[in-house]
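Only one structure is covered here, and it is reproduced in the block below.
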Amino acid sequence: MKKFVNDPKDYVSEMLEGLALANPDTLTYVPEYNLIMRADAPQDGKVSIVQGSGSGHEPAHVMSVGKGMLDAACPGDVFSAPPTDFVYETVKRVASPKGVLLLVNNYTGDRMAFEMAEELSQAEGVTVRTLFIDDDVAVQDSTYTVGRRGVAGNFFVMKAVGAAAERGADLDELYRIGENVNAVTRTMGMALTACTPPAKGSPLFELPDDSVEMGVGIHGEPGRKREKLQPADAMVGELVSAVVEDLPFVSGDSVALMVNGLGGTPIGELYLVYGRAHRQLTDIGIEIRRSYVGEYCTSLDMAGASVTLVRLDDEISELLAEPAEIAIRVF
Amino acid sequence: MKKFVNDPKDYVSEMLEGLALANPDTLTYVPEYNLIMRADAPQDGKVSIVQGSGSGHEPAHVMSVGKGMLDAACPGDVFSAPPTDFVYETVKRVASPKGVLLLVNNYTGDRMAFEMAEELSQAEGVTVRTLFIDDDVAVQDSTYTVGRRGVAGNFFVMKAVGAAAERGADLDELYRIGENVNAVTRTMGMALTACTPPAKGSPLFELPDDSVEMGVGIHGEPGRKREKLQPADAMVGELVSAVVEDLPFVSGDSVALMVNGLGGTPIGELYLVYGRAHRQLTDIGIEIRRSYVGEYCTSLDMAGASVTLVRLDDEISELLAEPAEIAIRVF
Amino acid sequence: MPTTSASAADLAFVVRTIAQTAVDNEAAFGDLDAVAGDGDFGYSLARGFEIVLADWDGFDQSVPSDFLRQVALVISKRVGGTSGPLWGTAFLRASGAVRDRQEVGAADAVAMLRAAAEGIKARGKSDLGDKTLLDALIPMTDALEACVSAGDGPAAGGSELAALAAATARKAADGTTPMQARRGRQSYTGERSIGSPDPGAVAVAVMAERVAAEWDPRG
Amino acid sequence: MPTTSASAADLAFVVRTIAQTAVDNEAAFGDLDAVAGDGDFGYSLARGFEIVLADWDGFDQSVPSDFLRQVALVISKRVGGTSGPLWGTAFLRASGAVRDRQEVGAADAVAMLRAAAEGIKARGKSDLGDKTLLDALIPMTDALEACVSAGDGPAAGGSELAALAAATARKAADGTTPMQARRGRQSYTGERSIGSPDPGAVAVAVMAERVAAEWDPRG
Ligand SMILES: Nc1ncnc2c1ncn2[C@@H]1O[C@H](COP(=O)(O)OP(=O)(O)O)[C@@H](O)[C@H]1O
Ligand SMILES: Nc1ncnc2c1ncn2[C@@H]1O[C@H](COP(=O)(O)OP(=O)(O)O)[C@@H](O)[C@H]1O
Ligand SMILES: [Mg+2]
Ligand SMILES: [Mg+2]
Ligand SMILES: [Mg+2]
Ligand SMILES: [Mg+2]
């Protein structure tokens, strides 16, 4: 394993400490609960928005805390839902009179931790609602499974409800908006290489030099199928088709297109992927109104990318265009 | 080689095409010369700023074109200075009555291409000055070499002259500011893994699983020494010490601190590195006033990081704090 | 000579052995989870149970139910992933099953295990056959119950019961290999979860085996 | 029977062979550059010279000087890295060295090579001993000059001269191995540039060897 890491058990806390040190004016860090929160939260006139999940997906979600997006993030260890207690303590600290909205990617561990924390918080009089995000089309929904997974599309839910919350929308309105965005958001990703969790110290799965994992999960879960490495156009084509067919997106739709890097793929390649995806979509009559290229939801050091489409209406377009001030900045 | 790539010869042009497609309102792309320019350049009242170098360092420099930073970038192939002709054609297209400032990292190939282009442009009556950036402390300056290399510190030169240009500063003033920033900027990087140029198809050098390259160049050039992989604290300590001792930075200095990812290292690790660097600096009495964590100047898919320090005075601080609108955005 | 009445000391021994097994098998359990899951199962369990071991002397062990509740709390507070809520719930429900008891016997052991299994079912919306730890825990509990209610004399001692539990859990855990996961992260892989045993079920078996192996040597 | 007078056809043959060698050795030259440089030397040369080959029929080859200038222009326009300006300058200076000549002979060949070397020196601020292509080009030029000015009769034919150039360049290129680079990207590595030959110097040798090998078979 070649990583910047000391004791792997300290990986998450040392990362969070760095994040707090880099943003002393805007962020507060509570080490006992892996909690990163806006220094000015909670605010009486604004619903507080919280996202939690395993770590290893940075910048999601700890680096998305700030005006216009999250009020707090409470990550667990790498790829592990946070303990219930972390969520509960987080909700307590950002509880606003207008309520708290919890954004949770649809995984068993996260669901259970947040549901337990929601119950505990409600018992203490905090108004809480929990919204589950499940944009990953790699997993077909069925009664035998726990449904689709939440992946990079969560960014759009965060952004939209974050913007609406700044405008003063109430909790039910935010829930409606979040559900609405989730309903029109679809993602699929693929891995070129496996990722290496610091505590494991070796790759999470074996991926031969000539193979890719199509539909991989952001925790390295196997995807739809393993296939041969192909030129970019062919692989991007598969991703885009899978996403388009799922909703489905059709000619005449206006969309936001996100090409998200999974951690080990440089941004130059992501722009190449973006260009191919863009052309494929415009060729079938889909209009791209907003574009996003970079890392939004990663899987540690995995090389690979995901493609997300959001079908835009006026409300979503407007909310996505609002400003936000978060830790990730380039100037 | 596991990359999103079609024919490796098209890697750069397909990346640039994607960049242009993602930013239709703000950027213009001229494929014949790898040219990415602001759609609104040149402006009569503003010096135009151009940066060029090999590709493979994205977001430097093609994704740093926009209001408050570059007016144009003309990259060459991966790790190759652009042909003289590309630079010359770029200067012609962004020539402003107030002149053109060329920002060039100090490499033989880049120096020659830009010097030849400068001569050609001046012969046609364009006012041009060329500023060389050489912030890499890994290479000791000596009369036998061509001097230090330019690496991630170029970001601060770009940002400062970009901001001053928007305020209407003239060419000589911009040159003074750029030289001033370069004079107080120092960087050193290290590689955990080698990078793989698409056209080569295999890693540029061999780096055993237990070894790192300390002081590596952004083109994979060997560094100060090859050493054993160590815990993050020890490796970060070496980087920071090398940078601090070079200027030297001393107790009482105010600085901007940048932790730059080289392409394959996820942002979670970069924040961990940032935290350790921050503590080490404050321990010796250096005050960190601005912090930068992310990818600014990469080396394709190389895992690794560099640390940059800029000694701040009032003028530099103010210019760094100005807004800029470039392709890289997270919302 | 063994007795069917398990004392508070037996309970402490079992809990401590579970905790020690989780800590000692961090890497092995993690590797199992990496096959079709995300590899963190060993890490999650170890982080919680190492605190159980560290806090051991601070637990008030005089009342079985209180003791188990304290363990449950540590797990809920410190274990993330799916395992935190599931194992926390299991210990909490086990605590509830012996609320008014000062001493716990073989029948209480069955009651605690049954309560734990029911808690996991409810929390995880899962059941026998979903390829989870329930597929080891429930058969093990069934076997113990059958033995305890049949031979309601001193026929089966603690040592024999432990051995029975271990053998049943191991067989059941091995039996998860051909199953297709329908709950937990593994279920996302569909048919590709077939062919490897469920990490949670294996963990139950390994813990039971260690309890059996160390029951007598305790002396 | 060989003659010392190199025709325009000989010049075209040499340039074409250089171009073909650059294209054919893209990978090999790149690997050499990867040892202490950045691995793009082969790619850069190949991208320029493949256009020289593609544009071949469009070049006006009637006047040697004009022909060389057209080649220089393609290289300056299309080759990046250090090699673009250096090789572009080399061809441009060679063109200048035979400005008024309709036919070029052995002495002209020496003059062109000398002009090319001087151009590279000036452009690259480099000289013999810096571990660059000059360390093959200059010894080769020296050897040719000595031979041409000594045997100022038909003693050495084109074929013999080509063989001499090849042998000298190869020996000189091999001789760069123990040198420490003082120019170009390799120089950043300091002492670690010692132990491998300079890619540019090797390229000159490989090109000269191919010219020698194919001089006669042309028929
Ligand atoms: N819904 C569920 N009900 C019961 N047990 C479950 C459930 N989901 C997962 N498990 C058990 O948990 C184990 C995985 O635990 P862990 O790795 O901590 O979860 P994850 O990483 O998926 O959040 C599985 O092997 C299985 O035995
Ligand atoms: N200043 C110089 N003068 C002469 N030749 C040089 C100089 N710098 C580099 N070279 C030659 O160029 C070769 C490298 O070319 P190339 O890989 O295109 O350059 P780079 O990648 O360093 O820009 C070296 O092997 C050397 O022969
Ligand atoms: Mg997990
Ligand atoms: Mg180069
Ligand atoms: Mg797991
Ligand atoms: Mg090179």
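This structure is a prediction, so every number in the text was calculated from the model and none was measured. Reminder, nothing fancy here: chain letters follow the sequence lines and each chain counts from 1.
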**Request:** Look at D:S83, D:S76, D:G124 and state which one has the largest set of heavy-atom pairs under 4.5 Å with chain B.
**Result:** D:S76

**Message:** If we define contacts as heavy-atom pairs under 4.5 Å, which of B:D110, B:D136, B:L204, B:T84 has the most with chain D?
**Reply:** B:L204

**Message:** Would D:F67 and D:W56 count as a ring pair (Phe, Tyr, Trp, His ring centres under 6.0 Å) here? Give the steps.
**Reply:** CA-CA 10 Å; D:F67 167 52; D:W56 193 260; 5.6 Å; yes

**Asked** Is it the side chain or the backbone of B:R111 that comes within 4.5 Å of chain D heavy atoms, both, or neither?
**Response** neither

**Message:** Need one label for B:E206: side chain, backbone, both or neither, based on atoms under 4.5 Å from any heavy atom in chain D.
**Reply:** neither

**Choice from B:E89, B:K200, B:R224, B:M116 maximising heavy atom contacts with chain D below 4.5 Å** = B:M116

**Prompt:** In terms of side-chain heavy atoms, does D:T176 have a donor or acceptor partner in D:D135 at a distance below 3.5 Å?
**Reply:** no

**Prompt:** B:Y88 pairs by side chain to side chain donor-acceptor pair (under 3.5 Å) with which of B:E118, B:E119, B:E124?
**Reply:** B:E124

**Prompt:** Is there a side-chain contact between B:D77 and D:D40 (heavy atoms, below 4.5 Å)?
**Reply:** no

**Fill in**
Of D:A34, D:G30, D:G84, D:A27, the largest count of non-hydrogen pairs under 4.5 angstrom with chain B goes to D:A34

**Fill in**
If one checks every heavy atom of B:F86 against chain D at 4.5 Å, the contacting part turns out to be side chain

**Message:** Please tell me whether B:D135 and B:T185 have a donor and an acceptor in their side chains that are separated by less than 3.5 angstrom.
**Reply:** no

**Request:** Answer with yes or no whether the side chains of B:S306 and B:N260 bring together a donor and an acceptor at under 3.5 Å.
**Result:** yes

